Undergrad: 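Sharing a structure below in structure tokens format, with a few things to ask.
Bear in mind that the values here come from a model prediction, so they are computed numbers and not experimental data.
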Amino acid sequence: MNQNKCLDFLNRHQPMPADDDWDAECEALDEVVLFLTEHPDTEALPLLLTVFGPGDGYGVYQTIEVAVMQYRAEDVVPLLLENLGSPARDIVYWNAQIAANFPDERLIAPLTILVRSADEDIQAASLIAVGQIKSPRVLTLLEALSRSPLTDEIRELVGNLIEDQRQADIS
């Protein structure tokens, strides 16, 4: 694997097909992610953050988070800002997951929208991500959300995040 092969693969798989439609070629995504984890390439980063198709990529999508953590926040956060507004559910979900590793106040606005998502997976990923940002704005958001109708699991998550925010010195 090399940089050109990675870029070629990612360009041809925007996004990846649903898990049930993967073929032998799709299995190369694992090699691409491993290469980019070891050799981060800012040219590949936007493609890496939009490669997500329906499903979990047979576990490969989770490893993309590790690869993205090799990049600088100043390269990642602008792309997250864009991708959190994507019409593609899977791109939004996985970018919200990744956003938890890049706590940046610029992400509060898009995550605030997503924490009210009807999709509980997106809602939970967005809550975890916004909860990593220690800010009075986040505490206010979480407190307001706690007064909304929520599932038991989300209510418990919100409660834990409120406690974490209060324990952090955010004043």
Undergrad: Between Asp21 (side chain) and Pro17 (backbone), is there a donor-acceptor pair under 3.5 Å?
TA: no
Undergrad: Whether Asp121 and Arg89 form a salt bridge (side-chain N of Lys/Arg under 4.0 Å from carboxylate O of Asp/Glu) is what I want to check.
TA: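 Looking at Asp121 together with Arg89, the answer is yes, because their closest N to O distance falls below 4.0 Å.
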Undergrad: What pair of heavy atoms forms the shortest contact from Phe102 to Met69, and how long is it?
TA: CZ-CA, 4.0 Å
Undergrad: Between Asp152 and Arg155 (salt bridge meaning N to carboxylate O under 4.0 Å), is one present in this structure?
TA: no
Undergrad: Output yes when a side-chain donor or acceptor of Gln14 lies under 3.5 Å from a complementary backbone atom of Leu10, and no otherwise.
TA: yes
Undergrad: Are Val51 and Val66 linked, directly or through other ILVMFWY residues, by side chains that come within less than 4.5 angstrom of each other?
TA: no
Undergrad: Donor-acceptor pair, distance only, cut-off 3.5 Å: does the side chain of Gln123 make one with the backbone of Leu114?
TA: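 No; zero donor-acceptor contacts below 3.5 Å.
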Undergrad: Output the distance between atom SG (Cys6) and atom NE2 (His39), rounded to the nearest 0.5 Å.
TA: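 Those atoms lie 8.5 Å apart.
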Undergrad: Any sub-3.5 Å donor-acceptor pair from Gln165's side-chain atoms to Ile133's backbone N or O?
TA: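 Yes; judged by distance alone, with no hydrogens or angles, the pair exists.
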Undergrad: Hey, could you give me the CG/OH distance between Leu29 and Tyr61, rounded to the nearest 0.5 Å?
TA: 6.5 Å
Undergrad: Report yes or no: does Asp8 contribute a side-chain atom to a donor-acceptor pair with the main-chain N or O of Asn4 at less than 3.5 Å?
TA: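 Not a single qualifying donor-acceptor pair exists.
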Undergrad: To the nearest 0.5 angstrom, please state how far the CG atom of Leu48 sits from the OH atom of Tyr71.
TA: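 It is 6.0 Å, given to the nearest 0.5 Å.
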Undergrad: Just how far is it from atom CG of Leu127 to atom CZ of Arg116, taken to the nearest 0.5 Å?
TA: 9.5 Å
Undergrad: Run the salt-bridge test on Glu143 and Arg166 with the 4.0 Å N-O cut-off and return the result as yes or no.
TA: yes
Undergrad: State, to 0.1 Å, how close Met16 and Trp22 come at their nearest heavy-atom pair, and which atoms those are.
TA: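 It is CE-CZ2, 3.5 Å.
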Undergrad: Under 4.5 Å between any side-chain heavy atoms of Leu139 and Ile162, yes or no?
TA: yes
Undergrad: Flag the pair Asp90 / Pro15 as yes when at least one side-chain heavy-atom distance between them is below 4.5 Å, and no otherwise.
TA: no
Undergrad: Run the numbers on Gln70 and Thr37 for side chain to side chain donor-acceptor pair (under 3.5 Å), then give the verdict.
TA: CA-CA 6 Å; Gln70 308 311 307; Thr37 300; 6.0 Å; no
Undergrad: Any chance you could measure Gln97, atom CD, to Leu80, atom CG, to the nearest 0.5 Å?
TA: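 Separation between the atoms: 12.0 Å.
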Undergrad: Check whether any side-chain N or O of Asn95 sits under 3.5 Å from a backbone N or O of Leu49 as a donor-acceptor pair, and report yes or no.
TA: yes
Undergrad: State, with a plain yes or no, whether a side-chain heavy atom of Pro54 is found less than 4.5 Å away from one of Asp19.
TA: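 Contact flag for Pro54/Asp19 side chains = no.
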Undergrad: Can you confirm whether Trp94 sits close enough to Thr50 that some side-chain heavy atom of one is under 4.5 Å from a side-chain heavy atom of the other?
TA: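 In short, these two side chains do not touch, never coming nearer than 4.5 Å.
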Undergrad: Would you give the length of the straight line joining atom CD of Glu31 to atom CZ of Phe9, rounded to the nearest 0.5 angstrom?
TA: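 Spacing of CD (Glu31) from CZ (Phe9) equals 9.0 Å.
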Undergrad: So Leu81 and Asp104, do their side chains get closer than 4.5 Å, heavy atoms only?
TA: no
